[in-house]
Amino acid sequence: MKNYLKIKIFTIAFCIIIILIALFIQLNGQNLLPQKCSYLDPITIDLLAFIVGIFLVIEGIYRINEHKNMGLRKQFTRIIRVGIGCTIITLHVLQFLHK
């Protein structure tokens, strides 16, 4: 159970770091543009990507909880999956707010 707590803390920390990096890159990229422009993708792309991001986060957390006894090394790909889902959600929420 001690290992499971370590995995949860690492997953949360990884997600927070990856979200902050995505925010930093996205917001700095917008500030570097000389002329503000809207994103070209239709809103349905943002909604579909948001759904996929939620799916990755939920599925990754479910798999981590399903295999509580595995070590951090064996859970690492699931943690990355959750982090990718958080990044997708963050970027598409920012794009949605920009529209």
Side-chain angles (χ1 to χ4, degrees):
M1 205 55 140
K2 184 178 179 182
N3 198 25
Y4 179 63
L5 180 62
K6 188 187 316 181
I7 290 169
K8 285 189 342 184
I9 291 171
F10 185 79
T11 303
I12 292 168
F14 182 74
C15 287
I16 290 171
I17 289 169
I18 209 92
I19 287 170
L20 291 175
I21 290 171
L23 282 171
F24 178 76
I25 291 171
Q26 186 74 14
L27 295 176
N28 276 346
Q30 288 176 0
N31 291 337
L32 294 177
L33 293 174
Q35 183 180 20
K36 299 297 178 195
C37 62
S38 64
Y39 293 99
L40 300 175
D41 292 337
I43 200 163
T44 54
I45 299 297
D46 291 327
L47 291 175
L48 290 173
F50 188 76
I51 291 169
V52 168
I54 289 173
F55 171 77
L56 286 172
V57 169
I58 291 173
E59 196 268 339
I61 290 172
Y62 176 78
R63 294 289 179 202
I64 289 171
N65 287 332
E66 187 177 43
H67 303 284
K68 291 179 182 179
N69 297 329
M70 289 183 141
L72 183 61
R73 187 179 291 192
K74 300 239 182 198
Q75 297 275 23
F76 193 68
T77 56
R78 295 177 183 115
I79 294 169
I80 290 175
R81 191 178 315 153
V82 173
I84 290 171
C86 288
T87 304
I88 291 170
I89 292 169
T90 302
L91 292 176
H92 286 280
V93 165
L94 284 175
Q95 288 179 7
F96 181 76
L97 292 175
H98 189 270
K99 292 180 183 183

Distance (rounded to the nearest 0.5 Å) between Leu48 CG and Ile88 CD1: 12.0 Å
Can you tell me how far the CD1 atom of Ile18 sits from the CG atom of Leu23, to the nearest 0.5 Å? 11.5 Å
Are [X] and [Y] connected, step by step, through hydrophobic side chains (Ile, Leu, Val, Met, Phe, Trp, Tyr) whose heavy atoms are closer than 4.5 Å?
| X | Y | value |
| --- | --- | --- |
| Phe10 | Ile64 | yes |
| Ile79 | Ile84 | yes |
| Leu91 | Ile16 | no |
| Val93 | Val82 | yes |

Checking Met70 against Arg78 for the side chain to side chain contact (heavy atoms under 4.5 Å, CB included) test, could you report, in this order, the C-alpha distance in whole Å, the side-chain angles of both residues, the deciding distance, and whether it holds? CA-CA 11 Å; Met70 289 183 141; Arg78 295 177 183 115; 3.6 Å; yes
Give me the atom names and distance for the closest heavy-atom approach of [X] to [Y].
| X | Y | value |
| --- | --- | --- |
| Gly71 | Asn3 | CA-ND2, 3.0 Å |
| Cys15 | Cys86 | SG-SG, 3.5 Å |
| Thr90 | Ala22 | CG2-CB, 4.4 Å |
| Phe14 | Ile80 | CE2-CA, 4.0 Å |

Can you give the donor-acceptor pairs under 3.5 Å from side chains of residues 50-60 to other protein atoms, not counting sequence neighbours?
residue : atom : partner : partner atom : Å
Glu59   : OE1  : Arg81   : NH1          : 2.7
Glu59   : OE2  : Arg63   : NE           : 3.1
Glu59   : OE2  : Arg81   : NH1          : 3.3

Backbone N/O of Thr11 and side chain of Gln75: donor-acceptor pair under 3.5 Å: no
